[in-house]
Amino acid sequence: MDIVDLQKLCDSEAIRWTGHVLKRLLQRDISQADVIQAIQSGEIIEQYPDDYPYPSCLLLGADVAGDALHVCCGRGPGELWMITAYHPDPDEWEADLKTRKKVQQ
């Protein structure tokens with residue numbers, strides 16, 4: 001999956017917003033504009049090529065206010081499927097917000 005392809009789908013408004021993602025965005029006070037801005041400004045940090053029904057990825061970008069935002073989305077035929085979005089938790093992510101912290105056991 002390539003960030004430029006995801007950005008082109010955003011530009012063409014070929015975005016599928018599921019009830020699940022809209023509910024999560026509302027709970028987290030994140031707007032659809034924040035998600036689109038994060039994709040437009042972002043980079044892919046993890047890829048999930050075997051996800052079902054479509055390959056997906058996690059990207060790091062900035063929301064409208066410039067705050068870090070993680071967006072998980074899948075790429076179907078001609079559409080971008082939004083899965084979830086959240087502000088990364090510093091307890092779970094390294095300072096670069098791209099690397100998951102190792103779990104201490």
Side-chain angles (χ1 to χ4, degrees):
M1 198 170 305
D2 180 81
I3 190 66
V4 174
D5 292 335
L6 303 182
Q7 292 166 340
K8 286 179 183 175
L9 288 170
C10 278
D11 286 342
S12 68
E13 299 180 3
I15 303 171
R16 180 73 61 116
W17 300 92
T18 65
H20 168 81
V21 73
L22 293 173
K23 180 179 177 182
R24 292 289 181 252
L25 294 179
L26 186 62
Q27 290 171 339
R28 296 171 180 154
D29 196 29
I30 299 169
S31 71
Q32 289 173 299
D34 287 326
V35 173
I36 291 169
Q37 176 62 34
I39 293 169
Q40 295 296 8
S41 66
E43 64 180 298
I44 295 172
I45 59 173
E46 293 181 356
Q47 298 227 23
Y48 315 117
D50 299 324
D51 264 5
Y52 178 84
Y54 305 114
S56 65
C57 66
L58 178 67
L59 62 90
L60 169 64
D63 65 14
V64 173
D67 297 322
L69 190 67
H70 279 173
V71 176
C72 186
C73 56
R75 189 178 188 292
E79 287 185 313
L80 187 60
W81 286 74
M82 292 301 159
I83 299 168
T84 197
Y86 56 89
H87 295 284
D89 182 340
D91 291 336
E92 296 177 20
W93 295 89
E94 298 292 344
D96 66 2
L97 302 177
K98 300 177 189 178
T99 310
R100 292 180 190 267
K101 287 187 176 179
K102 303 280 190 259
V103 177
Q104 301 295 324
Q105 295 185 354

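Values in this document were obtained by computation on a predicted structure and should not be read as measured data.
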Could you go step by step and tell me if Val35 and Val21 meet the side chain to side chain contact (heavy atoms under 4.5 Å, CB included) rule?
CA-CA 11 Å; Val35 173; Val21 73; over 6 Å; no

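- Checking side-chain atoms of Ser41 against main-chain N and O of Ala62 turns up a donor-acceptor pair under 3.5 Å.
- Rounded to the nearest 0.5 angstrom, Ile36 CD1 and Ser31 OG are separated by 8.5 Å.
- Separating the CD atom in Gln32 from the CE atom in Met82 is a distance of 9.0 Å, to the nearest 0.5 Å.
- Considering only heavy atoms from C-beta on, Leu59 stays 4.5 Å or farther from Met1 through its side chain.
- Considering all non-hydrogen atoms of both residues, Ser56 and Ile83 come closest at CB-CD1, 3.9 Å.
- Contact of the Glu92 side chain with the Lys101 side chain is not registered, since no non-hydrogen atoms from C-beta on lie closer than 4.5 Å.
- Residue Asp29 places its CG atom among 12 or fewer non-hydrogen atoms of other residues, nucleotides or ligands, all under 6.0 Å distant.
- With values rounded to the nearest 0.5 angstrom, Arg24 atom CZ is found 11.5 Å from Leu22 atom CG.
- To the nearest 0.5 Å, the span separating CD1 on Ile44 from NZ on Lys98 amounts to 12.5 Å.
- The local environment of CD in Glu13 is sparse, with at most 12 non-hydrogen atoms from other residues, nucleotides or ligands closer than 6.0 Å.
- By the criterion of side-chain heavy atoms lying less than 4.5 angstrom apart, applied directly or through intervening Ile, Leu, Val, Met, Phe, Trp or Tyr residues, Val4 is grouped together with Leu9 in one hydrophobic cluster.
- The hydrophobic clustering, which links ILVMFWY residues whose side-chain heavy atoms are closer than 4.5 Å, places Tyr86 and Leu60 together.
- Using a 4.5 Å heavy-atom threshold, the side chains of Leu69 and His87 count as touching.
- Residue Gly42 comes nearest to Ile3 through the heavy atom pair O-CG1, 3.5 Å, listed as atom of the first residue, atom of the second, then distance.
- Residues His70 and Thr84 fail the side-chain proximity criterion, which asks for heavy atoms closer than 4.5 Å.
- The minimum heavy-atom distance between Ile45 and Trp93, with the atom names listed, is CD1-CZ3, 4.2 Å.
- For the pair Val71/Ile39, a side-chain contact is recorded, criterion being any heavy-atom separation below 4.5 Å from C-beta on.
- With hydrogens and angles ignored, the 3.5 Å screen pairs a side-chain donor or acceptor of Gln7 with a backbone N or O of Gln40.
- Side-chain contact check for Glu79 versus Tyr54: every heavy-atom pair is 4.5 Å or farther apart.
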Pair Trp81-Asp51, side chain to side chain contact (heavy atoms under 4.5 Å, CB included): steps then yes or no
CA-CA 12 Å; Trp81 286 74; Asp51 264 5; over 6 Å; no

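- Between the side chain of Asp11 and the backbone N or O of Lys8, no donor-acceptor pair lies under 3.5 Å.
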